[in-house]
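Worksheet: one structure, shown below.
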Amino acid sequence: MTEKIIWNQGITKTVFPQLCGDIDADTVIVGAGITGLTAAYVLSNGGRYNVAVVEANYISESATARSSAHLTTASDFSYEALRSKYNMDTCTAVAESRKFAISFIQNLSTDINCDFKTVSGYLYTEKADEIDRLQTEKEVAMRAGLEVNTAQLLHLPFKTYGAIEFKNQAIFNPSKYLYGLAKYLNKLPNCSIYENSRVTGRDDNTVQTEFGSIRTKTVVYATHYPLFFDLKQTLVYPYRSYIIAAKVAENIGDDVYWDTHDPYYYTRTYEYEGERYLIVGGADHKTGSSTFNPFARLESFLRLRYSVHSVDYRWSNQYYEPADGLPYIGKSNNGNEYIATGYSGDGLTNGTIAGYLISQEIMGLKEKQWNGIFDARRFNLLASAGKFIKENADVAKRYVMDRLNATNTDTIQMLAPGDGIVVDEDNQKVAVSVDREGVFHYVKANCTHLNCLVYWNRIEKTWDCPCHGSRFKPDGTVITGPAVKNLEKV
Ligand code: FES
């Protein structure tokens with residue numbers, strides 16, 4: 001099955017123009033996902049700032065439109081983990097910020113038809129020895145100010161050993177929400193949106209795209225990862241997550257669920273054209289390193305627990321894990337640039353928090369909201385050290401080992417349709433792939449970001465970079481950055 005995202009079905013898309021020529025803006029926002037459009041909304045409302053949003057691809061392809069659309073106050077990095085790494089004040093600030101994000105989206109959903117609904121969220125376990133862990137999480141989350149209960153009965157058709165219920169969570173359709181926001185912004189005289197306009201360069205006063213440029217003083221990188229050099233690039237690490245939507249015999253209702261597996265599985269439902277789909281996500285792995293078929297793993301999770309009629313949609317997403325458990329949001333060390341990265345699996349809530357916080361910072365308001373815990377310029381050695389050392393050692397290892405592992409050109413003959421391999425040709429590393437029609441593609445294997453070697457993603461037929469998560473089509477075209485240039489053709 002080829003990729004098909006359920007959120008984009010049946011929606012009215014608005015196509016925005018490509019940036020051609022030179023324009024001026026007070027603020028340029030790079031990326032039209034939830035972070036970028038939230039920031040554009042707050043900044044341009046009331047005619048305060050003249051804002052230009054530039055999106056490399058299309059709104060319906062952004063990371064936001066690829067999520068599973070759970071809006072939770074529960075944290076990807078558990079509250080107990082936050083408490084032991086930091087303290088209760090940090091847990092409370094995280095809980096407050098996440099409540100804020102959900103109510104921000106809820107308020108806008110009165111004008112944007114995005115299927116917003118308040119539900120409960122259940123963290124459950126299928127292991128008898130994890131009940132205490134759930135109770136600890138419940139107690140810490142309650143102390144942080146959340147409404148959490150021990151759940152007695154779940155509407156799940158398989159055995160669980162315990163669960164806690166987070167009240168006042170939500171679900172929505174992220175594509176409808178983004179298009180609603182974009183259409184609203186498009187009507188404002190002081191906001192313009194451009195799609196298919198990848199940023200290719202930046203100097204002190206200008207942001208360049210392929211066919212245009214914007215003169216500006218302030219740039220917001222709402223790109224999931226800083227595009228141009230920033231030390232934060234060593235503090236966040238790329239992972240991929242996978243999602244399928246299926247018709248099943250059981251109806252689990254509207255609530256959202258996630259379990260205690262590592263990586264965990266997350267589940268919700270969505271109704272489209274009178275059919276209810278069960279949406280299951282998980283099978284996460286470090287980008288550029290999959291050794292299993294994640295969609296097959298998801299399907300087996302599903303079939304072991306539900307009576308499956310058909311699997312109708314599947315798509316994937318990427319997220320960045322921060323070294324110290326919290327996202328980096330706000331002004332960076334590079335002049336008037338703002339970044340938002342390290343959302344973990346909480347992209348929708350953290351994206352909303354980021355869009356809001358960055359716009360407040362640009363306007364000179366509420367600088368230390370939520371105790372400043374998301375400050376993009378922080379480096380907390382104690383909280384970061386373990387993950388920082390492990391992940392960066394991994395990057396260094398891949399940088400060296402992938403070069404040594406490149407095979408000789410004889411192996412090209414053994415490639416099956418849909419496969420790819422990195423070969424050594426005259427001391428040059430070449431990424432060779434063959435498509436379903438048997439056509440070979442040859443590109444340089446050196447990632448155009450910082451020169452790591454790309455890795456063939458057999459399931460999605462892409463070249464993925466293990467170092468910072470750039471992804472490329474078989475012909476070398478950039479799918480997602482931080483790389484802004486295509487792989488060179490050979
Ligand atoms: Fe940084 Fe490839 S994404 S080297």
Side-chain angles (χ1 to χ4, degrees), residues 30-31 33 56-57 61-63 66 198-202 221-241 284-290 316-323 328 332-334 337 339-344 347 387-406 420-423 428-433 441 443-458 460-490:
V30 187
N57 301 306
E61 294 170 4
S62 68
R66 295 174 156 275
R198 184 175 295 282
V199 167
T200 54
R202 155 94 168 118
Y221 290 106
T223 44
H224 234 204
Y225 188 87
L227 276 194
F228 300 110
F229 183 73
D230 189 293
L231 281 174
K232 288 290 125 17
Q233 291 178 343
T234 60
L235 292 171
V236 293
Y237 318 106
Y239 283 78
R240 298 199 60 70
S241 194
D284 307 10
H285 63 80
K286 191 95 192 282
T287 302
S289 67
S290 65
S316 63
N317 205 354
Q318 184 150 299
Y319 62 93
Y320 285 84
E321 282 288 351
Y328 298 92
S332 77
N333 294 313
N334 303 341
E337 293 187 352
I339 58 168
T341 186
Y343 290 170
S344 298
K387 203 162 176 61
F388 176 82
I389 292 167
K390 182 185 171 308
E391 296 276 0
N392 284 294
D394 248 21
V395 168
K397 190 168 144 205
R398 289 296 298 265
Y399 192 89
V400 176
M401 294 310 290
D402 286 355
R403 280 169 167 74
L404 296 177
N405 287 339
I421 195 166
V422 173
V423 298
Q428 177 172 267
K429 305 291 181 265
V430 182
V432 185
S433 61
H441 300 273
V443 286
K444 277 198 183 169
N446 305 70
C447 174
T448 52
H449 177 230
L450 289 176
N451 208 26
C452 285
L453 291 192
V454 292
Y455 176 92
W456 182 245
N457 178 337
R458 196 167 268 136
E460 302 185 87
K461 316 295 179 219
T462 54
W463 289 109
D464 297 354
C465 182
C467 291
H468 315 104
S470 292
R471 299 182 66 232
F472 306 85
K473 291 182 186 171
D475 68 358
T477 308
V478 182
I479 302 170
T480 51
V484 295
K485 290 192 184 134
N486 298 337
L487 295 178
E488 238 179 90
K489 292 221 189 298
V490 180

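We count ligands from 1, going down the list as the structure has it; atoms in each ligand are counted the same way.
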Show which side-chain atoms of residues 473-484 pair as donor or acceptor with protein atoms under 3.5 Å away, not counting sequence neighbours.
residue, atom, partner, partner atom, Å
Asp475, OD1, Thr477, N, 3.0
Asp475, OD1, Thr477, OG1, 2.8
Asp475, OD2, Thr477, OG1, 3.3

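- Judged purely by atom type and a 3.5 angstrom limit, Gln318 has no side-chain atom pairing as donor or acceptor with the backbone of Thr287.
- For Arg471, the side chain to side chain donor-acceptor pair (under 3.5 Å) partners at least two apart in sequence or on another chain are Thr462, Asp464.
- In terms of the ring pair (Phe, Tyr, Trp, His ring centres under 6.0 Å) criterion, residue partners of Tyr319 (sequence neighbours excluded) are, by chain and number, Tyr239.
- Side chain of Thr341 to backbone of His224: a donor-acceptor contact under 3.5 angstrom is found.
- Counting only protein N, O or S atoms closer than 2.8 Å to atom 1 (Fe) of ligand 1 gives 2.
- Summarising the local packing, NZ of Lys485 is surrounded by 12 or fewer heavy atoms from other residues, nucleotides or ligands at distances under 6.0 Å.
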